[in-house]
Amino acid sequence: MNNKKIFILLPDGIGLRNFAYTNFHKLGCDKEFEVVYWNGTPFELSTMGYNEIKIENAKPHPFTTIYKNARQQIELDLNCKKTSDKTYNAYRFVQNNNGIKNKLKKILLNSIIKNNSSEKGLIKVRNKILEKEKQTDFYKECLETLKKEKPDLVFCTNQRHTVSIAPILAAQSLGIPTVAFIFSWDNLPKATMVIETDYYCVWSENMKKELLFYYPYIKEAQIFITGSPQFEPHFDENKKLSKEVFFKENKLDLNKKYICYSGDDVTTCPDDHHYLADVAAAVKKLNSKGYNLGIIFRRCPVDFSKRYDTILEKYSDVIVPLAPLWKKIGADWGSILPTKQDLDLQINTITHTEMVINLGSSMVFDFATNKKACGFINYDVNDKVKKDWFVKNIYEFIHFRSMPSKEAVFWLDNANEIEYKIKEVLDNPSTLIKSEAQHWFEIVNQHPANEASKRIWQAIAEICNK
């Protein structure tokens, strides 16, 4: 028997979809690991029959966030210099300058950045973060938990949360191996690394190269290529409802074919509601020519704005909003959590729509699992919400450079061609788009894509046996 106890550290709800709602837990148990969720979310995993230890009073040091932000800015500065590429500047956050407290924080932050804007300075800032976190009561509580529970390994479900620092440090101080999973395909160029673990699980060979490039202190032997569990549920046929059942449950018209419009958050795409209106207008034109189409609108799960209301009302005969089934459990933004029901909703939305349209979303890969095309919006509207926001800036981000060719998606370069492009995909489903999208998916995420959890457990087993 294995009998190794593995702590799955969930600093926030972002890891639930990958590590609680997939077969990840079952696969670990099947391999005879004792799987315990070190749960920093308000979600009660015990209701799913999982062993959990709740993280209470997870409070980082008051200066940790400032040093973490300084670290990110310094890394972006160094990446600009190292590559002679100013794209990294697009990842910078806007500092809050409201009130005396935020003004003082900004002064301190800028001072830290100015005095440590070198590789040596970056090391000092990284060490400061560790030093500050080891002074906290939270770190001491983590030590006590680990001494009591004696796990064989701590696996952190994302690399970018300050709450993870103290638990990881506590594990390392006790000689317990630690692993970080890189959460998203675009995270590494953004300098979102907050924790420093003994090992890392990455999506692909491409991401491994990124990790070695951006963090040269990490060695190749520390990295395992596993893929991301987020795509696994798309391969589970038991989760897919029949068209008749799905359409009935969501008041959809069985005689229509539906396009999925996948929304972005307000910051990423302030004009998203205008794009939805343009797609709806194009669909109405197609319907007037004998097509029978509708749009399923899936908004960004954390976008609760009213900006779509007028559009949804105007095009109520065309658009059916199917809101993500996320649940607000606590008071703050981080307590808006995905549910298992939403994962099923997303899977069936993809299964029963013809294509997806969005602004540069990773939904291109979710649809690729179903061999369906994705259209990327690629133009600015006339009545822009923010005059200094431009769509071209989105596609200049580093992660889009992994695209093997422009044919991986169909491009919507202006509102007038949306009708034609949708018609083209419907009438002549492009094998080129589908094959290139699949090629891109294979570059971004290790294949077979339905075996990521299996590969992660293999990595954990290998580390435990070292």
Side-chain angles (χ1 to χ4, degrees), residues 17-18 21-23 182-187 202-207 210 225-237 239-240 243 246 257-264 268 279 295-296 298 300 322 324 342-378 394-395 397-412 421-422 424-455:
R17 285 176 66 98
N18 284 343
Y21 301 157
T22 61
N23 285 328
I182 307 301
F183 171 72
S184 187
W185 69 310
D186 64 350
N187 278 183
V202 298
W203 287 33
S204 61
E205 181 67 37
N206 184 67
M207 189 179 279
E210 285 185 329
I225 299 172
T226 60
S228 175
Q230 74 186 64
F231 302 107
E232 290 178 340
H234 295 302
F235 297 90
D236 186 351
E237 293 300 319
K239 289 185 176 292
K240 296 180 179 180
K243 181 177 179 180
F246 181 69
K257 289 184 176 181
Y258 286 88
I259 293 163
C260 177
Y261 185 93
S262 174
D264 269 300
T268 303
V279 174
I295 299 169
I296 290 178
R298 179 179 167 88
C300 173
L322 293 185
D342 182 59
L343 190 57
D344 294 340
L345 177 63
Q346 185 192 46
I347 289 167
N348 282 285
T349 298
I350 294 169
T351 299
H352 298 296
T353 51
E354 306 300 311
M355 67 190 79
V356 66
I357 292 174
N358 58 48
L359 181 83
S361 165
S362 63
M363 282 283 276
V364 59
F365 305 125
D366 295 285
F367 273 77
T369 65
N370 284 259
K371 297 179 171 56
K372 294 183 179 180
C374 172
F376 275 178
I377 292 159
N378 192 34
I394 298 295
Y395 299 112
F397 287 146
I398 306 296
H399 55 282
F400 286 108
R401 298 176 189 177
S402 61
M403 189 185 289
S405 75
K406 291 292 184 182
E407 282 72 37
V409 297
F410 61 96
W411 295 90
L412 304 174
K421 290 290 180 71
I422 291 175
E424 189 177 57
V425 173
L426 289 172
D427 293 350
N428 306 293
S430 172
T431 54
L432 177 60
I433 291 174
K434 290 176 182 177
S435 63
E436 282 300 282
Q438 184 63 34
H439 183 195
W440 191 14
F441 187 26
E442 290 170 7
I443 290 171
V444 166
N445 186 71
Q446 181 73 8
H447 275 54
N450 60 337
E451 295 182 2
S453 291
K454 178 182 175 183
R455 288 188 289 266

Check the pair F376 / M403 against side chain to side chain contact (heavy atoms under 4.5 Å, CB included), numbers first and verdict last.
-> CA-CA 13 Å; F376 275 178; M403 189 185 289; 4.1 Å; yes

Would you be so kind as to tabulate the donor-acceptor pairs closer than 3.5 Å made by side chains of residues 355-362, with sequence neighbours excluded?
unit_1: N358; atom_1: OD1; unit_2: G360; atom_2: N; d: 3.4
unit_1: N358; atom_1: OD1; unit_2: S361; atom_2: N; d: 3.1
unit_1: S361; atom_1: OG; unit_2: M363; atom_2: N; d: 3.0

What distance do Q346 atom CD and T351 atom OG1 have between them, rounded to the nearest 0.5 Å?
-> 10.0 Å

Give the C-alpha distance, both sets of side-chain angles, the deciding distance and a yes or no for side chain to side chain contact (heavy atoms under 4.5 Å, CB included) between E442 and Q438.
-> CA-CA 6 Å; E442 290 170 7; Q438 184 63 34; 3.4 Å; yes

State which residues pass side chain to side chain donor-acceptor pair (under 3.5 Å) with S453; sequence neighbours excluded, sorted by chain then number.
-> E232

Heavy atoms only: give me the nearest H399-S402 pair and the separation to one decimal.
-> O-OG, 2.7 Å

Would you name the heavy atoms of Y258 and I295 that are closest together and state the gap between them?
-> CD2-N, 3.7 Å

For H234, what residues pass the side chain to side chain donor-acceptor pair (under 3.5 Å) criterion, not counting sequence neighbours?
-> D366

How many angstroms lie between CH2 in W185 and OG in S204, if you round to the nearest 0.5 Å?
-> 11.0 Å

Check step by step if side chain to side chain contact (heavy atoms under 4.5 Å, CB included) holds for I259 and Y261.
-> CA-CA 6 Å; I259 293 163; Y261 185 93; 5.8 Å; no

Apply the test side chain to side chain contact (heavy atoms under 4.5 Å, CB included) to residues N445 and F231: give CA-CA distance (whole Å), side-chain angles for both, the deciding distance (0.1 Å), then the verdict.
-> CA-CA 9 Å; N445 186 71; F231 302 107; 3.9 Å; yes

Quick one: salt bridge (Lys or Arg N to Asp or Glu O under 4.0 Å) partners of R17, sequence neighbours excluded?
-> D342

How would you list, by chain and number, every residue that makes a side chain to side chain donor-acceptor pair (under 3.5 Å) with K421, sequence neighbours excluded?
-> E417

Whether W440 and F365 hold their rings parallel, tilted or perpendicular, with breakpoints at 30° and 60° | perpendicular

Quick note, salt bridge (Lys or Arg N to Asp or Glu O under 4.0 Å) partners involving residues 398-409, not counting sequence neighbours, are D85-R401

Answer yes or no: is there a donor N or O on one side and an acceptor on the other, between the side chain of R298 and the main chain of T349, under 3.5 Å?
-> no

